[in-house]
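As structure tokens, the structure follows; a few thoughts come after it.
Computed from a predicted model, the values in this text were never measured in an experiment. Letters go in sequence order (proteins before strands), and every chain restarts at 1.
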There are 2 protein chains.
Amino acid sequence: MTHPHPHHRGHRSRSRRGVGSEWRVHARVERFIEPALLLILRDGSTHGYELADSLADLVPAERIDMGNLYRMLRALEAEGIVESEWRDDLPGRNRRTYRLTEQGASLLDTWVDALDKANKTITAFLERYRDRREE
Amino acid sequence: MTHPHPHHRGHRSRSRRGVGSEWRVHARVERFIEPALLLILRDGSTHGYELADSLADLVPAERIDMGNLYRMLRALEAEGIVESEWRDDLPGRNRRTYRLTEQGASLLDTWVDALDKANKTITAFLERYRDRREE
DNA sequence: TTCACATATATGTGAAACACATATACTATG
DNA sequence: CATAGTATATGTGTTTCACATATATGTGAA
């Protein structure tokens, strides 16, 4: 499976108008791919290409960039957050299989706390939006 | 009121370790200042400097950068999302007072939809994290 | 009355995160 | 044996942002 995502090309969060004075906005959590990756690896080791498919489920709004994904995996390995092993015994092409280290599990926990906070901030925003709307 | 925020300098989302193999992570919604700004202006016109204080409440985890805030306000004005008026009649220093346009109100609505989605994505992530943890 | 501090707006600049393009090589299959 | 799918990787420009700095006016205390 490849990953075509034709929508809203060329921008980050907000694009110019679409048709009929509609705005298109994408609320992205910065570096969200990283905790998503860690969570997937916590539930079982895999290789980069398969991670992309799992990520597509966990982060539906995000187009997965394979180039940046592999770069991120090697950066995480350099920091001791994941470890990898090159497998040439498995059927199919050779691949590098990643697993989470203890350091990585600890980083995942830290991300979870941060995401909890982010969620509360967003929820507070949405509540304020709706509260004053209904006055 | 000025805005000192000494914590976690120099990085975006993830910093190197702190003391005792702890990670410090900040889950930021990209460009979140923009919708926060729009929401505050929906509830009443103000000027840039005061917006910073209101933002500090709405977005507690974020250090407010005045330079970028003023830049953003002028960019939003150029796009017709806010309108401003230079006031020299009020007590105190002259200031530029901003108000939300209809375009801006529509953009705020769009942001709300996007933030709703982001909230659901984060919630799904946290649920998956906790589910498998308790098995 | 001047010095310090708060208010208020603004520009310059470099780095991180990211989108998009492209390269490479092997495997499976019709 | 050509084509599509699997798998990993590098190159590069843009956006968003952190941090530094500039400028000018108002206010209160020494």
Contacts of [X] that satisfy side-chain hydrogen bond (donor to acceptor under 3.5 Å, both in side chains) - sequence neighbours left out:
X	value
A:N68	A:R71
B:R28	A:E30, B:E62
A:D116	B:R130

Worksheet item: Does a nitrogen or oxygen in the side chain of B:R31 sit under 4.0 Å from OP1 or OP2 of D:dC17?
Response: no
Worksheet item: Can you check whether A:R28 has a side-chain N or O nearer than 4.0 Å to OP1 or OP2 of D:dT16?
Response: no
Discussion item. Once ring pair (Phe, Tyr, Trp, His ring centres under 6.0 Å) is applied, do any residues pair with B:F125, and if so which ones, sequence neighbours excluded?
Written reply: A:F32
Less than 3.5 Å between a donor and an acceptor, one on the side chain of [X] and one on the base of [N], is that the case here?
X	N	answer
A:D65	C:dC20	yes
A:R95	D:dT8	no
B:N68	D:dA18	yes

Practice prompt. Dot-bracket for DNA chain D, please, read 5' to 3', with Watson-Crick or G-U wobble pairs under 3.5 Å on both distances, ( ) within the strand, [ ] crossing, | other strand, . unpaired.
Written response: ||||||||||||||||||||||||||||||
Using a heavy-atom cut-off of under 4.0 Å over every strand shown, decide if [X] touches base, sugar-phosphate, or nothing.
X	result
A:G48	sugar-phosphate
B:R96	sugar-phosphate
B:E30	sugar-phosphate

Item to complete: In plain terms, say whether A:R95 and A:E85 are close enough for a salt bridge, that is, a side-chain N and a carboxylate O under 4.0 Å apart.
Response: no
Practice prompt. Salt-bridge test for A:R74 and A:E77: reply yes if a basic N is under 4.0 Å from a carboxylate O, no otherwise.
Written response: no
Please give, in whole Å, the distance from [N] [atom2] to [X] [atom1]?
X	N	atom1	atom2	result
B:R71	D:dT15	CZ	C1'	13 Å
A:E62	C:dC18	CD	P	8 Å
B:M72	D:dC17	CE	P	6 Å
B:F32	C:dA17	CZ	P	20 Å
B:Y70	D:dC17	OH	P	18 Å
A:I64	C:dA17	CD1	C1'	15 Å
A:L69	C:dA17	CG	P	15 Å
B:H47	D:dA24	NE2	P	21 Å

Worksheet item: In chain order, what residues pass the side-chain contact (heavy atoms from CB on, under 4.5 Å) check against A:E50, with sequence neighbours excluded?
Response: A:T46, A:H47
Discussion item. Between A:V29 and B:Y98, which residue's closest nucleotide on DNA chain C lies nearer the 5′ terminus?
Written reply: B:Y98
Worksheet entry | Side chain proximity check, A:W23 to B:D113, heavy atoms < 4.5 angstrom | no
Fill in: Minimum-distance nucleotide to B:R63 side chain [options: C:dT9, C:dA19, D:dC19]
D:dC19
